[in-house]
Amino acid sequence: MSIHTKKRKININSIKKMKGNEKIVMVTAYDALFAKLFNDEVDMILVGDSLNMSFLGKPDTLSATMEQMLYHTKAVCNGATTPLIIFDMPFGSYNTKEEALKNAIKVYKESCADAIKIEGGADRAEIVRYLVQNGIAVISHIGLMPQFVRGEGGYRVRGKSLEDAQKLLEDAKILEEAGAFALLLEGIVSDVAANITKNVKIPTIGIGAGVGCDGQVLVWSDMFGFFEDFKPKFVKRYMEGASLIREALKEYKKEVKEGRFPTTDYSY
Ligand code: KIV
């Protein structure tokens with residue numbers, strides 16, 4: 001890409017301005033290789049703690065650590081130059097506002113992350129406010145919150161009752177007021193997420209929350225068909241990555257076994 005066509009680095013103000021004007025495209029990435037591929041196509045990259053499941057093979061996200069998330073964020077920073085990069089704060093790293101700030105400062109000092117993401121509604125508003133007051137950009141994650149899966153006894157779509165829909169809207173407004181620059185809405189009934197989107201001034205990014213959000217996020221290993229353990233309803237596979245790898249690997253194996261690789265084209 002020439003210097004004249006190089007895209008400018010996206011910041012939180014560019015993301016805020018996209019609300020109502022242009023849909024926001026976000027994916028997760030865990031390393032430089034994929035971050036480089038996503039670089040020119042997406043507005044935001046989330047270094048999600050979902051990597052604990054797809055990359056580490058754990059049953060949920062709860063055992064992810066600050067060190068692990070920092071390692072992957074630094075790798076993403078080495079590959080992505082344009083998108084806004086978000087660090088997903090792991091379970092247990094933001095239980096108090098002091099602990100949240102200490103860990104968020106570590107993220108800013110040791111990586112190029114532009115913002116952090118924390119799960120939680122009104123109960124986390126004071127933590128969000130404290131972080132923002134101290135110069136940290138925060139995206140709040142409400143609805144289905146994977147870090148709460150053990151505490152709540154499973155993954156549950158939110159907003160099915162009027163009471164829950166009202167609670168989610170209240171959470172969204174309180175988090176906006178506390179200073180979150182955006183909201184991630186996960187596993188929420190579409191109409192409820194659309195109503196939240198209409199009633200806040202900050203952008204909403206949906207995952208399993210319908211088309212009425214200001215943007216969408218998908219986990220890269222889900223959307224490209226590499227993660228096969230399970231497929232939630234909201235995941236659209238844009239390619240069958242695992243099948244492609246298996247086919248290619250079989251071909252390689254066959255050629256090696258039969259002494260057909262490397263040919264002279266691949267030899268010195
Ligand atoms: O960790 C993650 O990848 C996430 C997505 C579900 C948005 O939080």
Side-chain angles (χ1 to χ4, degrees), residues 15 23-31 34-35 38 42-66 68-73 75-76 80 83-94 103 107 111 113-121 124 128 138-150 152 154-158 168 172 175 180-188 193 196-197 203-210 213-227 229-238:
I15 296 295
K23 291 272 190 182
I24 299 162
V25 180
M26 177 170 168
V27 291
T28 68
Y30 313 139
D31 57 44
F34 278 85
F38 303 157
V42 307
D43 303 304
M44 296 205 261
I45 287 181
L46 170 67
V47 188
D49 61 359
S50 53
L51 65 83
N52 205 49
M53 297 169 76
S54 54
F55 264 47
L56 225 69
K58 299 279 188 181
D60 57 36
T61 61
L62 275 74
S63 56
T65 63
M66 279 298 293
Q68 185 188 340
M69 296 305 299
L70 269 165
Y71 173 85
H72 286 277
T73 304
V76 167
L84 190 89
I85 296 174
I86 296 169
F87 178 98
D88 203 3
M89 295 285 275
F91 180 65
S93 66
Y94 52 96
N103 282 321
V107 172
S111 80
D114 299 289
I116 59 143
K117 175 170 86 60
I118 66 176
E119 294 184 12
R124 303 276 174 162
V128 172
V138 181
I139 174 165
S140 282
H141 180 155
I142 59 170
L144 187 161
M145 294 176 286
Q147 292 180 8
F148 289 63
V149 64
R150 292 192 206 167
E152 294 198 343
Y155 297 98
R156 195 168 56 89
V157 174
R158 299 285 311 273
L168 287 166
L175 291 165
F181 78 91
L183 297 170
L184 194 145
L185 308 180
E186 177 166 1
I188 298 179
I196 292 173
T197 302
T204 61
I205 314 294
I207 175 161
C213 299
D214 296 307
Q216 298 293 327
V217 58
L218 280 176
V219 172
W220 81 266
S221 40
D222 288 340
M223 67 185 290
F224 299 130
F226 288 102
F227 185 71
D229 293 4
F230 58 89
K231 190 181 95 59
K233 178 178 160 71
F234 62 79
V235 170
K236 177 172 176 185
R237 283 194 182 151
Y238 286 83

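This is a predicted model, so every value here is computed, not measured. For ligands, and for the atoms within them, numbers begin at 1 and follow the listed sequence.
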### Query
How far is atom 3 (O) of ligand 1 from its nearest protein heavy atom, and which residue and atom is that?
Ser50 OG, 2.6 Å
### Message
Just to confirm my output: which protein heavy-atom neighbour is closest to atom 6 (C) of ligand 1, and how far is it?
### Response
Glu186 OE1, 3.5 Å
### Task
Within a distance under 4.0 Å of any heavy atom of Gly48, pick out the atoms of ligand 1 and give their elements.
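Atoms satisfying the 4.0 Å criterion: 1 (O), 2 (C), 3 (O).
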### Query
More than 12 non-hydrogen atoms from neighbouring residues, nucleotides or ligands closer than 6.0 Å to OH on Tyr71, yes or no?
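Atom OH in Tyr71 is not crowded, with 12 or fewer foreign heavy atoms closer than 6.0 Å.
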Specify side chain, backbone, both or neither for [X], according to which of its non-hydrogen atoms lie closer than 4.0 Å to ligand 1.
X      : result
Leu46  : side chain
Val219 : side chain
Asp88  : side chain

### Message
Pairs of nitrogen or oxygen atoms closer than 3.5 Å, one from Lys117 and one from ligand 1: do any exist?
### Response
yes
### Query
Polar-atom distance check: Thr28 versus ligand 1, any N or O pair below 3.5 Å?
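Checking ligand 1 against Thr28, no N or O pair falls under 3.5 Å apart.
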### Message
Using a strict threshold of under 4.0 Å (side-chain N to carboxylate O), is an ion pair present between Arg150 and Asp60?
### Response
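Result for this pair is yes, salt bridge flagged.
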### Check: Val47 and Phe87 side chains under 4.5 Å, non-hydrogen atoms
no
### Message
Is the shortest side-chain heavy-atom distance between Ser54 and Tyr30 below 4.5 Å?
### Response
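Ser54 vs Tyr30: side chains touch.
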### Query
Where does the angle between the aromatic ring planes of Trp220 and Phe38 fall among parallel (under 30°), tilted (30 to 60°) and perpendicular (over 60°)?
tilted
### Query
Would you say Glu119 touches ligand 1, if touching means a heavy atom closer than 4.0 Å?
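No.
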### Query
What pairs with Phe227 under ring pair (Phe, Tyr, Trp, His ring centres under 6.0 Å), at least two apart in sequence or on another chain?
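Checked Phe227 against ring pair (Phe, Tyr, Trp, His ring centres under 6.0 Å); matches are Phe230.
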### Query
Residues two or more places apart in sequence or in another chain: which of them pass ring pair (Phe, Tyr, Trp, His ring centres under 6.0 Å) with Phe234?
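Checked Phe234 against ring pair (Phe, Tyr, Trp, His ring centres under 6.0 Å); zero matches.
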